[in-house]
Amino acid sequence: MEKKPNFTPGPRPQFQGPRPPRDRRLPDRNAKDPNNINEHIRAREVRLVGDNVTPGIYPIQEARAIAENLELDLVEISAQADPPVCKILDYQKYLYQQKKKAKEIKAKASKVVVKEIRFGPQTDDHDYNFKLKHAIGFLQEGAKVKAYVFFKGRSILFKEQGEVLLLRFANDLEEYGKVEQMPVLEGKRMIIMLSPKKK
């Protein structure tokens, strides 16, 4: 009589319950798009606004149908509202205008440029006037001026002299710039900050 191989059954797989349905997602919209459009709008009803429609609350299917008939897109412009606010428009054109607006705002936001002017504690008049002339030019261009007196070794003993020099400098530039920060000692440097006067 043939001997059967010794077989020990392993643990039975535990019942996990019904499998969740597969996630049927819509085709991915561009992640860069700031708005939900057309089929990507999930609300049951939306508030339509705009020039080419009668404003009001519409079921989502009807709102999409109106957009389709006009050969335009249904765009969610305020997702937080209840119901969400949508507008019917040419989405590509809308994105282009938004980018153009953002570009213009960025161009208008002036970049702050800081120009540095360095003095020694015992700067002579010729050198002082040369640097003053440069500072006037910088302020007229709209740049800030960071002027400082650098103290080497024992010259730190002349810090009062450095302060007087910077205050004189600020006074001579009164017409072109205003003091943003009074002379302050930072390590081996005494610094004053001036910003251009608005025209």
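All heavy atoms count here, side chains included; hydrogens, waters and symmetry mates do not. Numbers here are sequence positions counted from 1.
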Are any non-hydrogen side-chain atoms of K188 and K152 less than 4.5 angstrom apart? no
Please give me the minimum heavy-atom distance between M190 and G162, naming the atom from each residue. SD-C, 4.1 Å
Over all atoms of both residues, closest heavy-atom pair of I88 and A67: CD1-N, 3.8 Å
Cluster overlap V164 with L166, hydrophobic side-chain contacts below 4.5 Å: no
Quick one: does any side-chain atom of N35 pair with a main-chain N or O of I77 as donor and acceptor, under 3.5 Å? no
Are Y91 and V49 co-members of a hydrophobic cluster defined by side-chain heavy atoms under 4.5 Å apart? yes
Interatomic distance, E68 atom CD to D73 atom CG [nearest 0.5 angstrom]: 10.0 Å
Step by step, work out the side chain to side chain contact (heavy atoms under 4.5 Å, CB included) result for V113 and F138. CA-CA 9 Å; V113 178; F138 294 148; over 6 Å; no
I'd like to know whether I192 forms a side chain to side chain contact (heavy atoms under 4.5 Å, CB included) with K146, so could you lay out the CA-CA distance, the side-chain angles of the two residues, the decisive distance to 0.1 Å, and finally the verdict. CA-CA 6 Å; I192 194 167; K146 181 182 188 177; over 6 Å; no
Identify which one of N36, I37, I60 satisfies the side chain to side chain contact (heavy atoms under 4.5 Å, CB included) criterion when paired with L74. I60
Which value, rounded to the nearest 0.5 Å, describes the distance between E45 atom CD and Q61 atom CD? 10.5 Å
Dump the intermediate steps for side chain to side chain contact (heavy atoms under 4.5 Å, CB included) on S195 and K178, then the final yes or no. CA-CA 6 Å; S195 57; K178 57 176 189 242; 3.7 Å; yes
Go through Q181 and I191 one step at a time and tell me if the side chain to side chain contact (heavy atoms under 4.5 Å, CB included) criterion holds. CA-CA 8 Å; Q181 179 192 295; I191 300 162; 4.2 Å; yes
Heavy-atom check, side chain of Q92 versus side chain of Y96, under 4.5 Å: no
Between D125 and R168, does at least one N-O distance fall below 4.0 Å, as a salt bridge requires? yes
Using the side chain to side chain contact (heavy atoms under 4.5 Å, CB included) definition, which of the options N129, D124, T123 pairs with H126? D124
Of all the heavy-atom pairs spanning A143 and K115, show the shortest one and how long it is. CB-CG, 4.0 Å
Side-chain donor-acceptor contact under 3.5 Å, D172 with Y128: yes
So, for P84 and E76, which heavy atoms are closest and what is the spacing to 0.1 Å? CB-OE2, 3.5 Å
Over all atoms of both residues, closest heavy-atom pair of A135 and V145: O-CG2, 4.0 Å
So do V46 and I57 actually touch side chain to side chain, heavy atoms under 4.5 Å? no
Hey, does L72 have a side-chain heavy atom less than 4.5 Å from the side chain of D90? yes
Can the ring centres of H134 and F130 be said to be less than 6.0 Å apart? yes
Look only at the side chain of K197 and the backbone of E174, and say whether a donor-acceptor pair between them is shorter than 3.5 Å. yes
Establish whether M182 and L194 are linked, either directly or via other cluster members, by ILVMFWY side-chain heavy-atom contacts under 4.5 Å. yes
Quick one: does any side-chain atom of K131 pair with a main-chain N or O of R118 as donor and acceptor, under 3.5 Å? yes
Minimum side-chain heavy-atom gap I136-Q140 below 4.5 Å: yes
Quickly, which of F169, Y148, F150 forms a ring pair (Phe, Tyr, Trp, His ring centres under 6.0 Å) with F119? Name it, please. F169
Hey, any chance L167 and L173 share a hydrophobic cluster, counting ILVMFWY side chains that come within less than 4.5 Å of each other, even indirectly? yes
What is the distance from atom CE of M193 to atom CD of E116, rounded to the nearest 0.5 Å? 9.0 Å
